[in-house]
Amino acid sequence: MHHHSPSAGSFRPRSPQSYFHHPGQPQHAPSNGHGHGHVHSPPLPVALPRAERTSKPKRLKAHTVASKVYNIPTIPRDRKGKPILPLNVGIMVVLSLGEVCMREHFHNERYIYPVGYVVQRRYLSMIDPHKEVNYTCSILDGGDGPKFQVVPDDQPGHAIISGTATGAWATVVKQANLIRDRQHSNSVSGPDFFGMTQHSIKHLIQELPGADMLRDYVWQHFVEGGPLGGRHAAVIPAYPDE
C-alpha cells in the first residue's frame, strides 16, 4: 500500500565519480580505445581515482548514515508507556514530539521532521546583550516541506521562519553576536539547536506512529537504561508530577 516505485524523483543518481574506482582494479583507463564511450571528458579518468580516494571519507560522511546502537538514559513514561512531557533532555525541554509526515522532504536519512514538534532551549537574547532567554523551536507544515520556526521569549511577536533549522538559528546567532560586538563565527548546526541530534529525542521521534515506514531514514537502535559511558544528556521530567 505504501510502495514507491523508483523514479527520477525518488532517487538521486550518484555522481559518475562514485561509480568509477573499483578497489583492486588498475587506476588508469584502458588504452584500447574502448573505455572512453561513457566518460564525458577524456582527460578525467586518470585524475578521478586519486581525487576520489582523498575525498572518499568526506563523501561517505556526507551521504551515508550507518545504523548503530546507542545506550540512552531511561525515559520517564506514564502507565501506557508514553513519554511524560514536558521532558528535559540535557539543555532542551521537549514540549511536543509532533506527528510524522509521510510526504516528501519531511525526513532524510539522518533526521525525521515531525510536524508539531516543539522544544525550548536558552540562548543569548537578540535585543539585550546582557541576557539569555528561552527560545521556542517548532516544526511547521510548509506544504512542500517543513518550516522551522524560532521564537524568543523577549520578542514573542518576532518569529524567525526558515526552510531549514540551520537557516532559522543562523539568523538568531548572527543577531546575538552583532549586538555584543562578538567576532565569533555565525555558523551553527540547526538540527543540534533544535535538539534533533540528542539520542533520547531521536529515540522518541522514532517511536512516533509511521516513523518506521519512512523510505529514506536510516533507523537507529536505542537501549534505554544501558550503561552510559562519558558525557550524556540527563533525561528528567521538566515538571515532576507529585
Taking all non-hydrogen atoms of both residues, which atom of Thr64 and which atom of Glu109 are closest, and how far apart? N-OE2, 3.8 Å
For Asp144, is there an ion pair with Arg103 - N to carboxylate O distance below 4.0 angstrom? no
Please work out whether the ring planes of Tyr123 and Phe193 are parallel, tilted or perpendicular, with thresholds of 30° and 60°. perpendicular
Pairwise side-chain contact, Val93 with Val119, heavy-atom cut-off 4.5 Å (strictly under): no
Partner of Tyr117 by side chain to side chain contact (heavy atoms under 4.5 Å, CB included), out of Ile139, Leu95, Val100, Leu208: Ile139
Ala165 and Pro191 have their tightest heavy-atom pair at CB-N, 3.9 Å
pair Leu214-Met102: side-chain heavy atoms closer than 4.5 Å: yes
I want to know whether His107 and Tyr217 have ring centres closer than 6.0 Å. no
Would a distance-only check, ignoring hydrogens and angles, find a side-chain to backbone donor-acceptor pair under 3.5 Å from Arg180 to Leu124? no
Please indicate whether Glu99 has more than 12 foreign heavy atoms, meaning atoms of other residues, nucleotides or ligands, lying under 6.0 Å from its CD. no
Check for me whether the distance between the ring centres of Tyr113 and Phe106 falls short of 6.0 Å. no
Specify the closest pair of heavy atoms between Pro152 and Met126, including all atoms of both residues, with the distance to one decimal. CG-CE, 3.7 Å
When rounded to the nearest 0.5 angstrom, what is the spacing between CG in Asp153 and OG in Ser125? 10.0 Å
Drop me the distance from His105's NE2 to Asp216's CG, to the nearest 0.5 angstrom. 10.5 Å
Ser138 side chain vs Gln149 backbone, donor-acceptor pair below 3.5 Å: no
Salt-bridge test for Arg121 and Glu132: reply yes if a basic N is under 4.0 Å from a carboxylate O, no otherwise. no
Is it the case that the side chain of Arg182 and the backbone of Leu178 share a donor-acceptor pair, with hydrogens and angles ignored and the cut-off at 3.5 Å? no
Just so I know, are the side chains of Gln206 and Gln220 near enough to count as touching, which here means a heavy-atom distance under 4.5 Å? yes
Please lay out, stage by stage, how Ser187 and Ser185 fare under the test side chain to side chain donor-acceptor pair (under 3.5 Å). CA-CA 5 Å; Ser187 67; Ser185 157; 2.8 Å; yes
Heavy atoms of other groups near His221 NE2, more than 12 under 6.0 Å: yes
Is it true that Ile205 and Val115 fall in one hydrophobic cluster, defined by side-chain heavy atoms closer than 4.5 Å? no
Does the side chain of Glu224 come under 3.5 Å of the side chain of Thr74 through a donor N or O and an acceptor N or O? no
In the structure I gave you, are the side-chain heavy atoms of Ile201 and Leu87 within less than 4.5 Å of one another anywhere? no
Find out whether Asp154 and Lys131 are in side-chain contact, i.e. whether some heavy atom of one side chain is under 4.5 Å from a heavy atom of the other. yes
Flag yes if Met196 and Ile91 sit in one hydrophobic cluster, no otherwise; membership is Ile, Leu, Val, Met, Phe, Trp, Tyr, and two members link when side-chain heavy atoms are under 4.5 Å apart. yes
So, do Pro86 and Val94 sit near enough that their side-chain heavy atoms are less than 4.5 Å apart? no
Verify, without hydrogens or angle tests, whether Ser200 (side chain) and Val89 (backbone) share a donor-acceptor contact under 3.5 angstrom. no
Check the pair Arg77, Glu207 against salt bridge (Lys or Arg N to Asp or Glu O under 4.0 Å), reporting the backbone distance first and the verdict last. CA-CA 13 Å; Arg77 297 177 185 271; Glu207 287 185 340; 2.9 Å; yes
Should Tyr135 and Val151 count as side-chain neighbours, where that means a heavy-atom distance under 4.5 Å? no
Taking C-beta and beyond as the side chain, do Leu140 and Phe148 meet within less than 4.5 Å on heavy atoms? no
Is there a donor-acceptor contact under 3.5 Å from the side chain of Lys202 to the main chain of Arg110? yes
